[in-house]
Number of protein chains: 4
Amino acid sequence: MNSFGRIFRVHIFGESHGPCVGVTIDGCPPGLPLEETDFTPDLERRKAGAKGTTPRKEDDIPHVKSGIFNGHATGAPITILFDNNNTRSGDYEKQRATPRPGHADFVAHHKYGGFEDYRGGGHFSARLTTGIVAAGVIAKKLLAQATITAVIAEVAGEPDQERGLQRAIDAKDTVGGIIECRATGLPIGLGEPFWDSAESLLAHAMMAIPAVRGIEFGTGFAAARMFGSEHNDAILDAEGHTRTNHAGGIVGGITNGNELVFRIAIKPTSSTPKEQQTLNWETGQVEPFSVKGRHDLCVALRAPVIVEAMTAIVLADLLMLEAANRSANNPHLAPPR
Amino acid sequence: MNSFGRIFRVHIFGESHGPCVGVTIDGCPPGLPLEETDFTPDLERRKAGAKGTTPRKEDDIPHVKSGIFNGHATGAPITILFDNNNTRSGDYEKQRATPRPGHADFVAHHKYGGFEDYRGGGHFSARLTTGIVAAGVIAKKLLAQATITAVIAEVAGEPDQERGLQRAIDAKDTVGGIIECRATGLPIGLGEPFWDSAESLLAHAMMAIPAVRGIEFGTGFAAARMFGSEHNDAILDAEGHTRTNHAGGIVGGITNGNELVFRIAIKPTSSTPKEQQTLNWETGQVEPFSVKGRHDLCVALRAPVIVEAMTAIVLADLLMLEAANRSANNPHLAPPR
Amino acid sequence: MNSFGRIFRVHIFGESHGPCVGVTIDGCPPGLPLEETDFTPDLERRKAGAKGTTPRKEDDIPHVKSGIFNGHATGAPITILFDNNNTRSGDYEKQRATPRPGHADFVAHHKYGGFEDYRGGGHFSARLTTGIVAAGVIAKKLLAQATITAVIAEVAGEPDQERGLQRAIDAKDTVGGIIECRATGLPIGLGEPFWDSAESLLAHAMMAIPAVRGIEFGTGFAAARMFGSEHNDAILDAEGHTRTNHAGGIVGGITNGNELVFRIAIKPTSSTPKEQQTLNWETGQVEPFSVKGRHDLCVALRAPVIVEAMTAIVLADLLMLEAANRSANNPHLAPPR
Amino acid sequence: MNSFGRIFRVHIFGESHGPCVGVTIDGCPPGLPLEETDFTPDLERRKAGAKGTTPRKEDDIPHVKSGIFNGHATGAPITILFDNNNTRSGDYEKQRATPRPGHADFVAHHKYGGFEDYRGGGHFSARLTTGIVAAGVIAKKLLAQATITAVIAEVAGEPDQERGLQRAIDAKDTVGGIIECRATGLPIGLGEPFWDSAESLLAHAMMAIPAVRGIEFGTGFAAARMFGSEHNDAILDAEGHTRTNHAGGIVGGITNGNELVFRIAIKPTSSTPKEQQTLNWETGQVEPFSVKGRHDLCVALRAPVIVEAMTAIVLADLLMLEAANRSANNPHLAPPR
């Protein structure tokens with residue numbers, strides 16, 4: 001499903017080489033100040049251009065089609081389109097018989113019976129994350145008291161980004177990385193028991209980002225090797241401050257007011273400059289294969305702003321839901337006529 | 001939200017020390033053979049009793065209240081209750097002023113304004129997973145061609161389960177573990193692009209299991225340190241067999257027909273026999289704290305069957321959705337009268 | 001789907017002749033005062049016993065299994081069961097080959113492939129509305145400022161209920177009726193544009209009540225024969241009072257603060273004492289048919305409390321949603337730590 | 001919520017005087033033949049131009065932005081935009097202080113705190129139904145065996161459309177009407193028990209169409225005045241043919257294979273040429289009021305194609321759901337590798 005959220009709902013659409021990609025945000029509260037220029041900083045962070053990123057550059061100018069009026073959200077759905085200008089579909093036509101290793105080509109062909117738009121990964125392209133970033137800008141505004149920051153913690157196993165990238169350049173190959181996201185200023189109480197736990201929704205959203213292979217909260221996988229007495233965070237005061245933060249700010253699926261911390265693993269870009277092997281559907285043979293098209297050496301480089309956006313989308317939805325939970329039996333909600 | 005799934009939908013309810021816990025499964029196709037005894041083997045696997053598990057033992061007899069008739073699912077919602085017989089609520093009454101570190105006590109108190117059932121963790125208790133296991137039994141039946149197997153890969157950092165548990169016993173503390181889940185026999189094509197990717201839904205479900213702190217698919221976090229040419233799985237034939245399986249059976253969010261593989265990290269049981277510290281709400285002081293109640297030394301020991309159940313629930317829902325996707329434009333669906 | 005609502009969600013289950021029927025209410029805000037005796041008055045209104053109602057009488061004692069603790073809702077799902085004691089399944093076994101006209105027997109048999117619980121209508125029985133009435137009691141409590149009242153406006157075309165019923169008794173047949181529902185004290189602003197308009201959700205809920213065949217808001221079908229200048233309700237003041245109320249309290253899908261008014265049509269009870277004709281599946285012949293079992297002469301008599309419950313369920317959900325809409329960009333929601 | 005459907009999901013967006021209105025259809029099965037010209041006939045039926053319709057004419061050319069490739073649906077979301085070219089917003093700026101009777105102006109102002117796009121009704125405009133008609137074209141294609149036909153049954157109380165319209169012209173006022181919709185070729189079994197009954201979903205969808213005030217199925221409100229023995233439709237054969245069709249093709253919430261029949265009531269256009277009265281927010285006085293802008297004398301004239309579209313959207317979703325219900329326990333779904 002190309003939709004996410006219960007109250008603050010985000011819908012994405014578009015293909016890599018179609019006329020555009022886009023997003024509809026439904027459920028944004030009316031009155032939120034919002035202009036097209038608000039989207040620029042985060043969209044710039046997502047864009048290619050830096051070392052290690054694809055030579056395909058798109059302007060990513062947000063075309064707001066609905067839901068914003070006189071500088072504010074109206075309460076109606078906000079639809080934003082981003083034109084695809086810089087496409088070279090010919091690259092993909094030639095390679096249609098050879099599903100690219102690590103890409104969705106093979107599964108998409110099976111699932112959609114050959115009707116999928118295969119050009120540049122079609123609907124599976126990371127270009128779809130442009131709309132996510134735009135939705136994230138709105139969600140961040142709704143989380144006025146919170147600060148969400150995602151950074152690259154590792155490239156190719158190196159904490160130093162430049163060094164990690166150099167490993168890719170030296171090896172004429174692609175590399176992966178680790179993104180760490182932290183959020184402060186969150187209220188106690190976001191998240192629902194069991195399936196709508198804060199971890200469940202954050203993991204759901206993060207695993208939807210192309211190339212993400214894992215997620216861990218707080219101490220994460222290392223927690224599996226700790227003693228309970230080590231891992232437990234002692235509660236220090238009535239605001240819920242804890243001595244340590246092994247839990248990463250979520251206990252019982254609910255934010256506890258401490259810093260939210262999680263990490264995600266991003267695989268190396270599947271489109272490597274190295275020669276690979278894959279099946280040729282026409283010949284039925286496994287053949288040597290070289291990637292065409294323009295690609296990132298390390299997709300993790302462009303991911304932090306997407307991770308922040310997804311985090312904000314999840315938290316804004318939970319914040320709105322919590323407002324519902326807290327206010328529903330408030331007699332002032334239904335004033336007498 | 002205490003519900004999960006789009007077509008095959010699971011709803012849970014109940015508290016640790018209330019009259020029962022239970023589950024409603026809505027959307028099970030009619031005609032599936034189903035009897036109360038079908039639930040026994042998986043319920044037995046979840047139960048306490050083995051070394052390292054809690055002395056609180058419950059019979060966990062499934063009381064089917066609806067949806068099964070003459071040995072088959074009827075197509076109506078299936079509701080199953082499990083009585084809580086072996087409760088000692090007094091243990092919890094005494095400790096209400098001291099929120100247990102690592103437990104939901106503190107956040108639940110904030111979120112629910114003190115109205116939560118705090119006895120034994122109330123609705124946050126792992127006892128709620130009894131209903132999940134029952135739903136998993138039904139989901140597994142729907143996945144007739146698939147085999148789902150979760151095992152304990154590590155206890156306290158030890159691949160040998162006995163040795164890991166001995167570390168807990170020796171240290172008079174609790175320990176965590178790693179569960180690995182594998183599924184074979186899955187068709188190509190389960191999962192939807194982006195937010196309903198197979199990884200997103202599986203991660204969503206797994207992070208809902210109490211004590212889970214992370215999940216990784218295929219090579220997982222290690223993928224972040226590989227080159228693209230190493231990580232990519234070469235496609236070998238038209239059935240989608242790959243030379244390696246670093247992807248863990250999911251590419252582009254969609255099952256590729258290879259073995260599904262993922263691992264989850266489970267933190268050490270929060271209720272450790274070791275003395276800890278926590279806030280006393282009444283005194284406002286941080287005080288020494290010892291756990292009352294009966295607990296598992298390592299909750300990971302009882303988790304595999306829950307992980308299998310959640311996996312089956314996700315896959316059954318995706319399988320039913322895929323049936324809808326494939327059949328809707330089938331002219332034979334709407335036969336002429 | 002046996003579920004309804006986005007935030008205040010109601011799930012029902014059970015069969016007419018199974019061990020029980022029941023309901024789970026998920027999303028009830030914590031702290032709402034709630035005891036088993038709160039359910040009694042509305043459950044009594046739904047019960048049989050009055051002239052024209054079925055001789056099958058059930059105690060309808062609510063067995064609360066979860067979500068209520070110390071006299072308040074906890075915020076966890078509330079599950080309530082109602083035992084089925086007074087069943088005579090033998091009546092139905094005998095008639096299995098002859099699908100009852102006007103009942104779901106024929107369609108259920110096709111849809112569920114013969115696996116449906118056919119006894120007493122199974123899951124299609126109006127007995128399922130017991131859980132709806134219980135959910136309605138909770139929803140009414142959430143609508144503290146509102147008053148919802150449904151009454152029988154017509155039985156067998158007669159505004160006088162007794163006279164209408166006498167027509168049925170005289171004709172040895174069953175009759176239908178009209179229910180009118182009014183709600184006052186609603187705030188302006190409940191309902192969302194388009195699909196979640198207040199009318200859409202109310203119509204959705206009402207058409208789910210067995211035997212309902214139509215719904216109209218305000219002037220309803222008569223509006224189709226009025227001029228625009230007649231039908232429009234002139235707005236008189238800033239609180240939205242209107243000179244007339246042809247709109248029935250909803251404009252543009254949103255409550256306008258005036259009295260909510262709608263009417264529903266209820267068909268005559270399908271189980272009439274009159275001899276009818278129907279197919280015999282075994283013989284393939286159309287045969288004379290006489291109803292077994294115990295039935296209401298006019299199901300409309302027991303419907304008002306169900307209509308009120310459904311109305312309350314819809315409005316409570318919209319009220320909670322509106323709390324989310326209004327509060328999300330409130331900076332006080334996320335207080336700094 | 002501006003979304004509808006569980007599997008075949010339709011999302012709408014846009015405002016009357018914004019750059020465009022649009023629709024995203026998510027869940028359309030891949031391979032459905034689909035071209036921009038397929039939308040033309042139904043879009044033409046919705047357009048203004050005939051006697052009694054607004055002089056505002058829009059080209060309504062569908063701009064497909066995603067989800068269609070090489071003449072077929074790809075399985076990815078289909079987004080279609082319709083430009084707004086022929087807007088005269090100045091008409092609305094002048095009248096902002098006087099909420100138009102019968103329109104959403106007043107409630108929208110309250111609900112959205114004055115941030116709503118008020119020009120031409122903004123997001124509440126019937127112009128939003130353009131996207132519905134486009135979604136309906138796709139849904140109709142999915143219902144290959146079914147024929148859905150909606151007609152104007154009455155204008156201003158007259159079965160003769162011309163005469164009804166003349167009444168409006170003579171009175172210099174606006175008039176309402178009745179639309180009747182029939183569908184043949186539907187399979188037995190569409191619809192779910194209780195809340196997702198076919199009537200519930202159809203009523204939900206129909207009440208979302210602007211100006212609809214009521215809906216009735218089969219004999220509808222007249223059923224409330226019939227005897228049970230009259231109203232019951234005798235079942236004649238194993239295909240479910242009935243002697244009469246008072247039920248309108250739905251029993252127990254599920255299609256029974258007979259013709260689906262329902263009627264909806266449409267109120268007279270709120271924007272009447274007659275002088276009316278309304279509040280002036282600036283003066284606080286009730287003042288005479290004359291409508292500016294261009295409007296239909298009878299909105300019912302343009303409604304049949306919208307009713308057909310909504311019907312098709314509901315039935316396509318139920319058809320896909322039924323495919324899931326029927327196929328999930330089919331062992332052939334999950335072929336062994």
Side-chain angles (χ1 to χ4, degrees), chain C residues 1-2 4 99 101-102 104 106-107 110-111 123-124 157 171 173-174 176-178 188-189 192-197 199-200 203-204 207-208 213-214 216-217 220-221 223-229 231-232 234-236 240 251-252 254 256 265-270 272 274 276-279 286, chain D residues 1-2 4 99 101-102 104 106-107 110-111 123-124 157 171 173-174 176-178 188-189 192-197 199-200 203-204 207-208 213-214 216-217 220-221 223-229 231-232 234-236 240 251-252 254 256 265-270 272 274 276-279 286:
Chain C
M1 188 150 57
N2 297 284
F4 190 69
F106 182 85
V107 291
H110 263 258
K111 186 176 181 74
H123 186 60
F124 290 85
D173 210 331
T174 57
I178 306 277
I188 303 170
E192 303 290 310
F194 234 78
W195 278 296
D196 279 4
S197 77
E199 293 116 317
S200 282
H204 186 140
M207 297 305 306
R213 304 306 293 148
E216 60 177 8
F217 290 83
F221 275 83
R225 299 184 175 187
M226 292 169 78
F227 285 115
S229 61
H231 185 269
N232 283 344
I235 301 167
L236 300 182
V251 174
I254 296 173
N256 69 2
I266 295 187
K267 70 175 184 180
T269 313
S270 297
T272 169
K274 274 255 160 71
Q276 305 171 76
Q277 291 196 310
T278 194
L279 175 72
V286 176
Chain D
M1 187 149 59
N2 297 285
F4 191 69
F106 182 86
V107 291
H110 262 258
K111 186 176 180 75
H123 186 59
F124 289 85
D173 211 332
T174 56
I178 306 277
I188 303 171
E192 303 290 309
F194 233 77
W195 279 296
D196 279 4
S197 75
E199 294 117 316
S200 280
H204 187 140
M207 296 306 305
R213 305 305 294 150
E216 58 177 9
F217 290 84
F221 275 83
R225 300 185 173 186
M226 292 170 78
F227 286 115
S229 62
H231 185 269
N232 283 345
I235 302 167
L236 300 181
V251 173
I254 296 173
N256 69 1
I266 295 187
K267 71 175 182 179
T269 314
S270 297
T272 167
K274 272 257 161 68
Q276 303 171 78
Q277 291 195 309
T278 196
L279 174 72
V286 176

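Every chain is numbered from 1 and lettered A, B, ... according to where its sequence line falls, protein lines coming before strand lines.
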From Gln277(D), Gln276(D), Lys274(D), residue fulfilling side chain to side chain donor-acceptor pair (under 3.5 Å) relative to Asn232(C): Gln276(D)
Using modelled atom types only, decide if a donor and an acceptor are shared between the side chain of His204(D) and the backbone of Trp195(C) within a distance under 3.5 Å.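 Yes, His204(D) side chain to Trp195(C) backbone: donor-acceptor pair under 3.5 Å.
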Short side-chain to backbone donor-acceptor contact, His231(C) and Ser270(D), under 3.5 Å: no
Given the options Gly189(C), Pro193(C), Ala223(C), Ala171(C), which has more heavy-atom pairs under 4.5 Å with chain D than any of the others? Pro193(C)
With chain D as the partner, which of Pro101(C), Pro99(C), Gly252(C) has the greatest number of non-hydrogen pairs under 4.5 Å? Pro101(C)
How close do Glu192(D) and Met1(C) get, counting heavy atoms only, and between which atoms? CB-N, 3.1 Å
Considering all heavy atoms of both residues, which atom of Ser200(D) and which atom of Ala208(C) are nearest to each other, and what is their separation? OG-N, 3.1 Å
Could you go step by step and tell me if Phe221(D) and Glu216(C) meet the side chain to side chain contact (heavy atoms under 4.5 Å, CB included) rule? CA-CA 9 Å; Phe221(D) 275 83; Glu216(C) 60 177 8; 3.6 Å; yes
Sort out for me which of [options] touches chain C most, counting heavy-atom pairs under 4.5 Å.
{"options": "Ala104(D), Gly214(D), Ala224(D)", "answer": "Ala224(D)"}
{"options": "Asp196(D), Val286(D), Ile178(D)", "answer": "Asp196(D)"}
{"options": "Ala234(D), Gly176(D), Ala265(D)", "answer": "Ala265(D)"}
{"options": "Ile235(D), Thr278(D), Thr174(D)", "answer": "Ile235(D)"}

Partners of Asp173(C) by side-chain hydrogen bond (donor to acceptor under 3.5 Å, both in side chains), sequence neighbours excluded? Thr272(C), Ser229(D)
Engaged part of Ile266(C) at the chain D interface, taking heavy atoms whose separation is under 4.5 Å: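 For Ile266(C), backbone heavy atoms alone lie under 4.5 Å from chain D.
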With a 4.5 angstrom heavy-atom cut-off, could you sort out which part of [X] is near chain C: side chain, backbone, both or neither?
{"X": "Phe106(D)", "value": "side chain"}
{"X": "Val251(D)", "value": "both"}
{"X": "Phe124(D)", "value": "side chain"}

Just wondering, do His123(C) and Phe194(D) contact through their side chains at under 4.5 Å, heavy atoms?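 No. Closest side-chain heavy atoms not under 4.5 Å.
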